[in-house]
**Student:** 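One structure coming up, written as structure tokens, with questions to follow.
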There are 2 protein chains.
Amino acid sequence: MKPFEKLPIEKQARIVNASISEFAERDYETASMNKVVERAGIAKGSLFNYFKTKSSLYFHIYHLALGEVKAYLRKVRDETADLPFDVRLAKIVDSGVQFITEHPRLARIYFRLIYSDDSPNRKKIVDELQSMSDEYLGGIIQDAMDRNELDAQLDKSQSVFFLDAVLTRFLKDYHEALELGDQDRFDREQWVIGITKLFSKGLS
Amino acid sequence: MKPFEKLPIEKQARIVNASISEFAERDYETASMNKVVERAGIAKGSLFNYFKTKSSLYFHIYHLALGEVKAYLRKVRDETADLPFDVRLAKIVDSGVQFITEHPRLARIYFRLIYSDDSPNRKKIVDELQSMSDEYLGGIIQDAMDRNELDAQLDKSQSVFFLDAVLTRFLKDYHEALELGDQDRFDREQWVIGITKLFSKGLS
DNA sequence: ACGTAATTTGACCGGGTGGTCAAATTAAAC
DNA sequence: GTTTAATTTGACCACCCGGTCAAATTACGT
């Protein structure tokens, strides 16, 4: 049993919480183990006893974040399995907005990972996320094609790309606005309508 | 006259080149003035004589990059002013690909600036880039609406957002593939067709 | 050729980094 | 209660950072 897991839950939580804050506020290289220790109220030696290196602590936090994201995605996919494409799309956007609202720090870590390049093992992780997204959005597009809601001749991987590009960018901007307390400029409904319309009918 | 401008062009070029490489390879916080000095083959004191601070050197480089980007964008806009929407879109993509191919390091600095948050004055710069993009893509969409190539009832700012999201994401992925020597997996023509089709007809 | 001003240099500064480890503290075993 | 094992601690290490500045070098006016 790893030393960290033997700790009382309350202490584990304090450390995880401190780490999330630190990795959310600064990028990987700039995030400081000294500051984590300070935030968590433990000694430096202890932290390095629980996690041998900075990058192993980062992975612990990253996997927590990824687990949360996956849970959200799975939930919305399963709950909407029988609904039409546009409704599913809307629910996915809603789910993303909800995740960001409830876990802004995890969202920050997630976006940082995707968009920056200083996280350790970045390429491996991004590939992993990419194939996750391919499978997830690909499945939803396939469902829609099977139901003749989308053109059966579609280039599926390209469609996934477009969907991913628009959804991710929307959520990133929403998240950024949230951090500035400016999220009111996003009329959620208006955006959901716009996004579904773009993918169903284009701009013409 | 600023000291840096008095330098022989060759020396200026060496310093600029070293700085571009350093800021392309590492993000702002991690980029090292010591390494710039080393790459450029000058003494540390000299560099700080030319640029009082790290951030002022960064701005010098950033403005160079931005100037190049703007020149490319202006060129393609003016050259395609009379062409239909889909052709313009294709040319813009081409131009972006060309820029990335010819200036991969500047492209890296540009993407880093957009997607990371440790550059000094990041918010101001991103706002500036945002309104540049709004004006640029907004103009192109407006032209297309005036010619009845796009729906006159379109929410323009939303359409700009979608266009920007897809184009930027495509170019970012292309750039990343280029750095891995993997750009052959992008069939440029296939992507240009896919993108224009998405925006003209959607996925159905 | 000389004196002065401008430029260049790199040792040096305070501060922060990830990581270590002997010593102190706490928990467990008997 | 005593001994042993596990955990916690923070001073300490080597290294790197952005930035400074007195001294050395170069350039220039006369």
Side-chain angles (χ1 to χ4, degrees), chain A residues 1-62 109 112 116 118-122, chain B residues 1-62 109 112 116 118-122:
Chain A
M1 201 181 192
K2 308 238 156 188
F4 181 70
E5 294 162 9
K6 288 198 241 169
L7 260 38
I9 318 272
E10 180 273 331
K11 196 170 186 178
Q12 286 188 30
R14 242 166 53 223
I15 293 168
V16 164
N17 191 52
S19 305
I20 289 176
S21 290
E22 183 65 16
F23 283 121
E25 287 173 23
R26 319 175 76 95
D27 57 28
Y28 177 76
E29 288 287 353
T30 321
S32 159
M33 296 296 267
N34 292 328
K35 295 237 169 69
V36 170
V37 149
E38 201 178 298
R39 287 185 201 255
I42 61 174
K44 196 170 179 177
S46 298
L47 184 58
F48 278 91
N49 182 32
Y50 310 142
F51 300 95
K52 285 190 211 306
T53 63
K54 182 182 180 179
S55 71
S56 72
L57 171 60
Y58 177 78
F59 275 112
H60 185 82
I61 299 301
Y62 156 72
I109 290 173
R112 214 193 271 296
S116 136
D118 68 343
S119 309
N121 263 328
R122 197 244 175 196
Chain B
M1 202 180 193
K2 307 236 156 190
F4 181 70
E5 294 161 10
K6 287 198 240 170
L7 260 37
I9 317 273
E10 180 272 331
K11 196 170 188 179
Q12 286 188 31
R14 242 167 52 224
I15 294 168
V16 164
N17 191 53
S19 306
I20 289 176
S21 290
E22 183 66 14
F23 283 122
E25 287 172 22
R26 320 174 74 96
D27 56 28
Y28 177 76
E29 287 287 352
T30 321
S32 158
M33 296 297 268
N34 292 328
K35 295 235 168 70
V36 170
V37 149
E38 200 179 300
R39 286 183 201 256
I42 61 174
K44 196 172 180 176
S46 299
L47 184 57
F48 278 92
N49 182 31
Y50 310 142
F51 301 94
K52 286 191 211 304
T53 62
K54 182 183 182 179
S55 72
S56 73
L57 172 60
Y58 177 78
F59 276 113
H60 185 83
I61 300 302
Y62 157 72
I109 290 173
R112 215 192 269 296
S116 133
D118 68 344
S119 309
N121 263 329
R122 197 245 173 192

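We use all heavy atoms of the structure for the numbers below, so side chains are in, but hydrogens, waters and symmetry mates are not. To find a chain, count down the sequence lines: A is the first, B the second, and so on, and within it residues start at 1.
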**Student:** If the cut-off is 4.0 Å, is A/Lys35 near the phosphate of C/dT17, judged by side-chain N/O to OP1 or OP2?
**Tutor:** yes
**Student:** Below the 4.0 Å mark, does C/dG19 have OP1 or OP2 next to a side-chain nitrogen or oxygen of A/Thr53?
**Tutor:** no
**Student:** On the nucleotide C/dT8, are OP1 or OP2 found under 4.0 Å from the side-chain N or O atoms that B/Tyr50 carries?
**Tutor:** yes
**Student:** Does B/Lys11 make a side-chain N or O approach to OP1 or OP2 of C/dT8 shorter than 4.0 Å?
**Tutor:** yes
**Student:** Taking only side-chain nitrogens and oxygens of B/Ser32, does any of them come within less than 4.0 Å of OP1 or OP2 of D/dG18?
**Tutor:** yes
**Student:** To the nearest Å, give me how far apart CG (B/Asn34) and P (C/dC12) are.
**Tutor:** 16 Å
**Student:** What are the two closest heavy atoms between B/Gln12 and B/Lys6, and how far apart are they?
**Tutor:** NE2-N, 4.4 Å
**Student:** If each of B/Ile42 and A/Arg26 is mapped to the nucleotide of DNA chain C with the nearest heavy atom, which maps nearer the 5' terminus, i.e. the 5' end?
**Tutor:** B/Ile42
**Student:** What verdict does the side-chain contact (heavy atoms from CB on, under 4.5 Å) test give for B/Tyr28 and A/Thr30, after you've listed the backbone C-alpha separation in whole Å, the side-chain angles of each residue and the deciding distance to 0.1 Å?
**Tutor:** CA-CA 10 Å; B/Tyr28 177 76; A/Thr30 321; over 6 Å; no
**Student:** More 5' along DNA chain C: B/Pro3 or A/Ser46, using each one's nearest nucleotide?
**Tutor:** B/Pro3
**Student:** Please report the distance, rounded to the nearest Å, between CE in A/Met1 and P in D/dA6.
**Tutor:** 15 Å
**Student:** If only side-chain N and O atoms of A/Lys54 are considered, is one of them under 4.0 Å from the OP1 or OP2 phosphate oxygen of C/dG19?
**Tutor:** no
**Student:** Can you tell me how far P of D/dT20 sits from CE of B/Met33, to the nearest Å?
**Tutor:** 11 Å
**Student:** Rounded to the Å, how far apart are A/Phe51 CZ and C/dT20 P?
**Tutor:** 16 Å
**Student:** Using 30° and 60° as the class limits, which term best fits the ring planes of A/Phe23 and A/Tyr58: parallel, tilted or perpendicular?
**Tutor:** perpendicular
**Student:** How far does CG of A/Asp27 sit from CD1 of A/Ile109, to the nearest 0.5 angstrom?
**Tutor:** 12.0 Å
**Student:** Are OP1 or OP2 of C/dT20 and a side-chain N or O of A/Lys44 less than 4.0 angstrom apart?
**Tutor:** no
**Student:** Output the distance between atom OG (A/Ser21) and atom NZ (A/Lys35), rounded to the nearest 0.5 Å.
**Tutor:** 13.0 Å
**Student:** Atom CZ of B/Phe48 to atom P of D/dT20: distance rounded to whole Å?
**Tutor:** 7 Å
**Student:** What is the distance, to the nearest angstrom, from the CG atom on A/Leu47 to the P atom on C/dT20?
**Tutor:** 12 Å
**Student:** Using whole Å, report how far CG of A/Asp118 lies from C1' of C/dT17.
**Tutor:** 15 Å
**Student:** Does a nitrogen or oxygen in the side chain of B/Asn49 sit under 4.0 Å from OP1 or OP2 of C/dT7?
**Tutor:** no
**Student:** Between P on C/dT17 and OH on A/Tyr58, what's the gap in Å once rounded to a whole number?
**Tutor:** 18 Å
